[in-house]
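Computed over heavy atoms, backbone and side chain alike; hydrogens, waters and symmetry mates excluded. Start at 1 and go down the list; that is how both ligands and their atoms are numbered.
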Amino acid sequence: MCGIVGYAGPVSGAPSPRPVDVALQGLARLEYRGYDSAGVAVLDGDQVRVDKRAGKLANLREALESRRETPSAVAIGHTRWATHGAPTDGNAHPHLGGREQELALVHNGIIENFAALRAELEADGYPFLSETDSEVAAHLVAREMETAGDLTEAMRRTAGRLEGAFTLLAVHRTAPGTVVAARRNSPLVVGLGEGENFLGSDVAAFVDATKEALEVGQDQVVTVTADSVDIIDFEGTPVTDAKRYTIEWDAQGAQKGGYASFMAKEIHEQASAVADTLRGRIEDGKLQLDEMKIDEAVLRTIDKIVVVACGTAANAGAVVKYAIEHWCRIPVEVELAHEFRYRDPVVTEKTLVVAISQSGETMDTLMAVRHAQEQGAKVVAICNTRGSTIPREADAALYLHVGPEIAVASTKAYLGQIAACFLLGLFLAQVRGNLYPDEIAQQMEDLSAIPEKIQEVLDNSDQVERLALEMKDATSVLFLGRHVGYPTAMEGALKLKEIAYIHAEGFAAGELKHGPIALVDEGQPVFVIVPSPGGRDSLHSKVVSNIQEVRARGARTLVIAEEGDEAVLPYADEVIRYPRTRALFAPLLTVIPLQIFSCELATAKGLDVDQPRNLAKSVTVE
Ligand code: F6R
């Protein structure tokens, strides 16, 4: 939610396009985080120059052309997902601070006590130009600067007065080569360059300029110049143990690579994405999870697993519940993270909490993690973004290694989350002795064969692409599944809602006759995810009966069935095939036609597939 970029280069006094170019490039890479307005601030002698525009970043580029000639050594930029105040030019960041507009500031997060602070600053004569909560931070830093005379100290004092979540970046006319940042519960990383340094909400902001990064901890202030990075905590104590790391993602990963959208590209990367999740973790048929830093003795005492996650990540959790319960005989609850802590959940030292989050920043999930830890539970994070808050705070973290996911709608991370949780489940079964080593080896061999099967599904996407075109004017689509097909149905519906703005619902197929079948009318499209006929017989035949039930009421049945499953033929208007695999692994294949369907349908409707309305990639507010 909101993307932030900062740049500090050498102070020369000569015109330099570099700060503006870095800011724009960073914002282009961060635009997936929020895209209803954008802005950049630079210093021009003793003037602070701010350009900001409502709408997409393209609106800002032209306005910034002349700023490339300023002698600024620094720049800060912001791309916004509105919380307080509509997406207008005035509410866009950066905000000016001080009576003489001597400072510019950008903010990600929510300042909960902004109303009281605004009243105080207004009474003190500070002019407010926007409806945002962020503007109070700009004036507070400017006011503290008057007494502190030092931007780092002014930022530190300001951070101490704010409640809520924030990453703040500021530049001040008296500090020509310096960008100062502060963070609490909101993301911030430092990029280390040669004679220049960077700040970003995530590494995408500067990945094409440097691969070296520094993690910034909670409640810390960072001061960046061309050749220095200094970190202190909110008490003012220097931080000397910030973790430095090399970024694995390449800049290519954040480009469309010939696809019409990032989403299409990411869907088509899924075979290699899942292979990357599994890589190095299965060796000679044995499961290696070096990152599982929780003592095996503790893992043996676990009597319950609670998965906390939101949206697509929660659907991934719902899939792996079936696998982990089956393999480990431990009860698994899947809980939407934002509901978790409000219902006084039963969590003890014997509970293992699995927090699934692509971004590692989702505030709802972070709060659930903290709540669980307060009750004594151990937390494993399943994440994609290195150095993000959730894996940093968890007791152990398994990374997906699927590369940057730019499209707002999650696809390859979903598959990576499922695959990583399968590894976790098998690892628990290994540690606890629930499965024999040869059974684990067999499961892992079958899991290793999945990327090839994913490729097969991707190579045969013509049929579902055609269906998407045919159905582009549909107003409602239903999705049915049982067992692991149920969360797949939920995920198929979520994808269609979020990017094609079509009413869609996923149901447990057995629930149909308890109400939802009343929705089915002549021509109603219904996708049905059919389990393997080679699995539990009764499950397959029950789903086939469900297809008959909706067809008898006029539905158009779009059936996703295993290769060679003939039983569905009499009742299917379309059969979309997936390769044979274990029933538990099928969700890694059956969801792909649904992802492609949504992506193609939204593209055919002329919608912005990567940046659907009202959404943002990482949701850092509760
Ligand atoms: C849907 C989607 C969202 C996210 C959810 C959690 O396509 O992307 O539902 O899955 O906001 O995000 P993370 O995984 O970053 O915690």
Original post:
Using the ring of each side chain (for Trp, its six-membered ring), is Y259 parallel, tilted or perpendicular to H268, with breaks at 30° and 60°?
Top reply: parallel
Original post:
Taking the six-membered ring for Trp, are the ring centroids of F585 and F422 within less than 6.0 Å of each other?
Top reply: yes
Under 3.5 Å, which donor-acceptor pairs link side chains of residues 402-410 to any protein atom two or more places apart or in another chain?
from, atom 1, to, atom 2, distance (Å)
E405, OE1, S410, OG, 3.0
E405, OE1, K617, NZ, 2.6
E405, OE2, S410, OG, 3.4
E405, OE2, T411, N, 2.9
E405, OE2, K412, N, 3.3
E405, OE2, A413, N, 3.0

Original post:
Contact residues of ligand 1 with a heavy-atom cut-off of under 4.0 Å?
Top reply: C310, G311, T312, A313, S357, Q358, S359, T362, V408, A409, S410, Q417, K495, E498
Original post:
By salt bridge (Lys or Arg N to Asp or Glu O under 4.0 Å), which residues pair with E291, not counting sequence neighbours?
Top reply: R281
Original post:
Has D459 got more than 12 heavy atoms of other residues, nucleotides or ligands less than 6.0 Å from its CG?
Top reply: yes
Original post:
Residues in salt bridge (Lys or Arg N to Asp or Glu O under 4.0 Å) with R577, at least two apart?
Top reply: none
